[in-house]
Amino acid sequence: MLREQARLRAAVLARDTEPWQEEPSLAGLRRVGGVDLSYPKGDETRACASLVVLSFPELQVLYEDCRMVAVSTPYVAGFLAFREVPVLVEAVRRLQQEEPALQPQVLLVDGNGLLHPRGFGVACHLGVLTGLPCIGVAKNLLQVDGLVKDELHREQIRSLRREGDTFPLTGSSGRVLGMVLRSSKNSSRPLYISVGHKVCLETAVRVVRSCCRYRIPEPIRQADIRSREYIRKQLCSPLEAASSGPQSSAREAELGD
DNA sequence: GCGACAG
DNA sequence: ATCTTGTCGC
């Protein structure tokens, strides 16, 4: 997996590539996508993956795809992409095939982009494999390249008084790996924004800010709501499967031999 | 052994 | 990620 990350990392573009990104007002941006996965509590093999596309700047849901999928790899810190990206790439392909006109101009991804142990988080990974501009949006700081959640960091967070306030995350390497953003006037908990693919950090922060009705940007929030609701329902309704039992592969495997 | 550990 | 209720505030 290390080899694979290094190979794909070479294809990451950390700068803007589209006309609307040159516009401080984001004029020309019409569709923003969001992805998220939710997991049933005990099950390590399945998940509900959802991809939504919202209109911009209205933030109305134009497209939604939410379904149970099989996940192959377990979650390992630093390798989240290997667990979540495969099914998300499938979701993007379905969208491109079934509703090409609703293709998002940028995708908000749960997790980090360049703010990663090897500079290639899930937002970069998904971006490279889909070719879509991606932005990493993490709810927690991944301590990397000298960045730590010490008292100084907490003080910097306290200094973010108004929504939209930010401060850069500069690693000991001198590189700015991401931006801490206060996305809501209500919550003092910030968001950790980083470049995923084909978007510069400044544009990334601008987009996320413009998508926040609450702390979590609307595209990701809508994807999150849908996937966890799907899990919640199917977790509370194994009752109605009792009437006509067509599924009995487990019993066949037992008695068959 | 101790602490970290996106989702 | 998931386990979990009420509660305080606008």
Side-chain angles (χ1 to χ4, degrees), chain A residues 1-2 5 8-9 12 34-51 66 68-89 91 107-127 134-151 153-154 157 163 169 171-172 177-181 183-197 201 204 208 213-217 219-236:
Chain A
M1 295 203 284
L2 285 170
Q5 267 186 352
L8 296 174
R9 184 177 56 161
V12 171
V35 293
D36 185 58
L37 271 73
S38 289
Y39 303 89
K41 54 178 179 180
D43 198 337
E44 280 297 299
T45 69
R46 296 186 307 158
C48 178
S50 59
L51 162 62
C66 181
M68 287 302 296
V69 295
V71 288
S72 50
T73 314
Y75 169 68
V76 179
F79 299 94
L80 172 65
F82 290 87
R83 178 171 172 78
E84 303 196 335
V85 163
V87 297
L88 293 178
V89 168
L107 211 47
L108 301 191
V109 184
D110 241 323
N112 298 296
L114 296 184
L115 179 54
H116 177 274
R118 290 163 298 283
F120 196 71
V122 63
C124 298
H125 205 129
L126 183 60
C134 287
I135 296 172
V137 181
K139 295 180 286 297
N140 295 290
L141 173 65
L142 184 52
Q143 302 188 161
V144 66
D145 191 24
L147 297 174
V148 290
K149 300 187 258 191
D150 54 11
E151 190 47 45
H153 182 70
R154 297 180 184 185
I157 289 178
E163 57 182 320
L169 287 171
S172 50
L177 302 178
M179 205 71 106
V180 182
L181 165 71
S183 57
S184 161
K185 64 180 178 183
N186 299 313
S187 177
S188 56
R189 283 191 63 185
L191 250 31
Y192 297 87
I193 311 302
S194 61
V195 168
H197 188 48
L201 187 55
V208 173
R213 283 221 259 264
Y214 305 103
R215 183 171 87 107
I216 305 301
I220 289 180
R221 183 167 166 272
Q222 289 303 324
D224 180 71
I225 289 174
R226 285 164 173 71
S227 57
R228 52 198 309 167
E229 179 68 3
Y230 194 106
I231 293 288
R232 191 183 68 80
K233 283 183 178 176
Q234 85 135 48
L235 219 55
C236 296

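Chain letters run A, B, ... following the sequence lines, proteins first and then strands; every chain starts at 1. A quick note: this is a predicted structure, and the numbers were derived from the prediction, not measured.
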Trainee: Between B:dC5 and C:dT2, how far is it from one C1' atom to the other, in whole Å?
Mentor: 16 Å

Trainee: Side-chain contact test, heavy atoms from C-beta onward, threshold under 4.5 Å: evaluate it for A:N140 versus A:R189 and give yes or no.
Mentor: yes

Trainee: If the threshold is 4.0 Å, N to carboxylate O, is there a salt bridge linking A:R221 and A:D36?
Mentor: no

Trainee: Quick one: what's the B/S/- string for nucleotides 1-7 of chain B, heavy-atom cutoff under 4.0 Å, read 5' to 3'?
Mentor: ---SSBB

Trainee: To the nearest Å, how far apart are A:I225 CD1 and C:dA1 P?
Mentor: 13 Å

Trainee: Any side-chain heavy-atom pair from A:L107 and A:L88 closer than 4.5 angstrom?
Mentor: no

Trainee: Parallel, tilted or perpendicular: which describes the rings of A:H125 and A:F120, with under 30° parallel and over 60° perpendicular?
Mentor: tilted

Trainee: Do the side chains of A:R232 and A:E229 get close enough for a salt bridge, i.e. N-O under 4.0 angstrom?
Mentor: yes

Trainee: Could you tell me which non-hydrogen atom of A:K185 sits nearest to which non-hydrogen atom of A:E163, and how far apart they are?
Mentor: N-CB, 3.8 Å

Trainee: Please answer whether the main-chain N or O of A:D145 pairs with a side-chain N or O of A:S172 as donor and acceptor at a distance below 3.5 Å.
Mentor: yes

Trainee: If you compare all heavy atoms of A:V137 against all heavy atoms of A:P217, which two are closest, and at what distance to 0.1 Å?
Mentor: CG1-CG, 4.1 Å

Trainee: Using a 4.0 Å heavy-atom cut-off to protein, can you give one letter per nucleotide of nucleotides 4-10 of chain C, 5' to 3': B if the base is in contact, S if only the sugar-phosphate is, - if neither?
Mentor: -------

